[in-house]
Amino acid sequence: MIKVVSESKTFLSDKVELFTESVIRDMTRQATLYGAVNLAQGFPDFPAPAEIKLAAQEAIAADINQYAITWGSKNLRNAVAKHMLEWQRIVVDPETQITVCCGSTEAMISTLLATCNQGDEIIVFEPFYENYGPDAILSGAKPRFVKLRPPSSEDGEWTFDERELRAAFHSATKAIILNTPNNPTGKVFTRTELEAIRDLCVEFNVLAITDEIYEHILYDGTQHISIASLDGMQERTVTINGMSKTFSVTGWRVGWAVAPPAITNAIRKVHDFLTVGAPAPLQEAGAVALGMQPIYYRTLAEGYRKRRDRLIPALTDAGFRCFRPRGAYYVMTDIGAFGFANDIEFTKYLVKEIGVAAVPGSSFYRDPKDGAQQVRFAFCKKDETLDEAAKRLRELRK
Ligand code: GLN
């Protein structure tokens with residue numbers, strides 16, 4: 001008989017016990033299970049641009065099939081630097097300031113692991129993209145939430161209270177996570193708001209980590225401003241972006257983090273030991289993609305504007321109160337009119353009985369109660385998909 005030593009030992013890490021599987025990704029699995037229209041996870045159900053697919057095929061045929069340089073192929077880093085200069089007037093050295101990662105998801109966690117110590121506070125606007133919660137836990141950072149308040153009318157803006165933001169900053173604050181255009185609210189932070197955030201970052205010596213993955217998906221004349229382009233911010237900003245949303249290739253997993261050289265060094269070390277590198281041939285296709293003409297980006301945004309304006313009336317008709325997004329491709333809605341106990345009950349009913357998958361609002365809040373009457377819909381879908389969802393949603397009226 002073997003005597004077991006340390007019988008009470010668990011094979012799981014304490015950290016993993018503190019968060020669940022992604023609700024967004026789970027809703028996609030539920031959509032498949034119930035044959036529902038998937039307006040949950042934000043990925044396009046239409047084809048990626050032909051020239052980008054061709055560039056990837058050509059890169060594979062040309063045998064770019066081994067590891068790229070761990071922090072990213074030279075062609076892609078050069079293209080990212082050029083793009084940031086052209087669109088945001090930010091000067092970036094591709095040799096010392098860019099790390100290409102497996103999607104912006106890896107860029108974010110690598111950045112947090114590279115910059116945060118146990119107990120460091122990070123400020124996060126809430127509602128927030130759900131990854132930031134587990135990212136904070138895994139990196140040992142303590143999130144401190146600042147509310148984005150929903151507009152009172154469908155056409156208003158999500159806002160934050162500057163005094164509340166100031167109160168969140170103090171000496172233990174390491175970083176603030178920004179996401180503009182914002183997931184899930186569709187808020188596009190204005191220059192005035194970003195300047196207020198900049199002033200606090202400078203005063204409290206805080207790093208800005210900004211997720212700008214939806215930078216080209218803008219509506220109603222809004223303008224995307226990278227906080228790194230503001231005076232005093234380039235030396236304290238990590239700008240995260242990627243190919244997924246701009247080029248409709250969410251499955252490629254190519255993203256990047258742009259930061260001052262010392263921070264880049266740290267990010268590159270973490271990235272190297274996490275994943276070694278992003279897919280080499282797809283990085284070459286990324287360099288081609290970033291070389292596309294401005295008309296590409298205008299057409300992309302206009303396509304999403306039309307989809308937004310197709311889905312919102314259908315949601316409103318069905319009884320949702322919609323908060324019109326100014327950017328990104330999600331619409332947050334209020335479900336108060338349906339009289340459900342909470343968002344989880346509602347989305348379960350929606351996916352099983354109505355046949356539409358959406359994301360429960362609580363997955364974007366620390367306290368589930370705060371999102372209990374909200375649900376997010378993604379509209380990065382074909383017209384037929386949106387129309388089928390609209391047809392099914394009409395059943396809610398009955
Ligand atoms: N950003 C997408 C969303 O919010 C999902 C991204 C992902 O699943 N990695 O739906």
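One-based numbering, in listed order, for ligands and for the atoms of each.
Looking at atom 9 (N) of ligand 1, its nearest protein heavy atom turns out to be Arg25 NH1, 3.4 Å. Protein heavy atom closest to atom 5 (C) of ligand 1, with residue, atom name and distance, is Tyr129 OH, 3.7 Å.
Salt bridge annotation for Glu215-Lys245: absent, with no cationic side-chain nitrogen under 4.0 angstrom from a carboxylate oxygen. A salt bridge links Arg29 with Asp26: the closest approach of a Lys/Arg side-chain nitrogen to an acidic carboxylate oxygen falls below 4.0 angstrom. Ion pairing between a basic and an acidic side chain is recognised when a charged N comes within 4.0 Å of a carboxylate O; Arg305 and Asp309 show such pairing. Salt bridge annotation for Glu162-Arg166: absent, with no cationic side-chain nitrogen under 4.0 angstrom from a carboxylate oxygen. A salt bridge is absent between Asp220 and Arg324; no separation between the charged side-chain nitrogens and carboxylate oxygens falls under 4.0 Å.
For atom 1 (N) of ligand 1, the nearest non-hydrogen atom from the set Gln41, Glu130, Lys245 belongs to Lys245.
The side chain of Arg376, and not its backbone, has at least one atom closer than 4.0 Å to an atom of ligand 1 (non-hydrogen atoms only; side chain from C-beta on).
Residue Phe364 places every heavy atom at 4.0 Å or more from ligand 1. For Tyr330, the closest heavy-atom approach to ligand 1 falls below 4.0 Å.
At a 3.5 angstrom cut-off on N or O pairs, Thr105 does not count as close to ligand 1. Inclusion of Gly42 in the set of residues having an N or O under 3.5 Å from an N or O of ligand 1 is warranted.
Taking every heavy atom of Asn183 and a limit of under 4.0 angstrom, the matching atoms of ligand 1 come to 1 (N), 3 (C), 4 (O). Numbered from 1 in the order shown, with element, the atoms of ligand 1 that lie under 4.0 Å from a heavy atom of Tyr214 read 1 (N).
For the pair Lys381 (side chain) and Phe43 (backbone), a donor-acceptor distance under 3.5 Å is present.
Residues Phe346 and Leu396 form a side-chain contact, since some pair of their non-hydrogen atoms from C-beta on lies under 4.5 Å apart.
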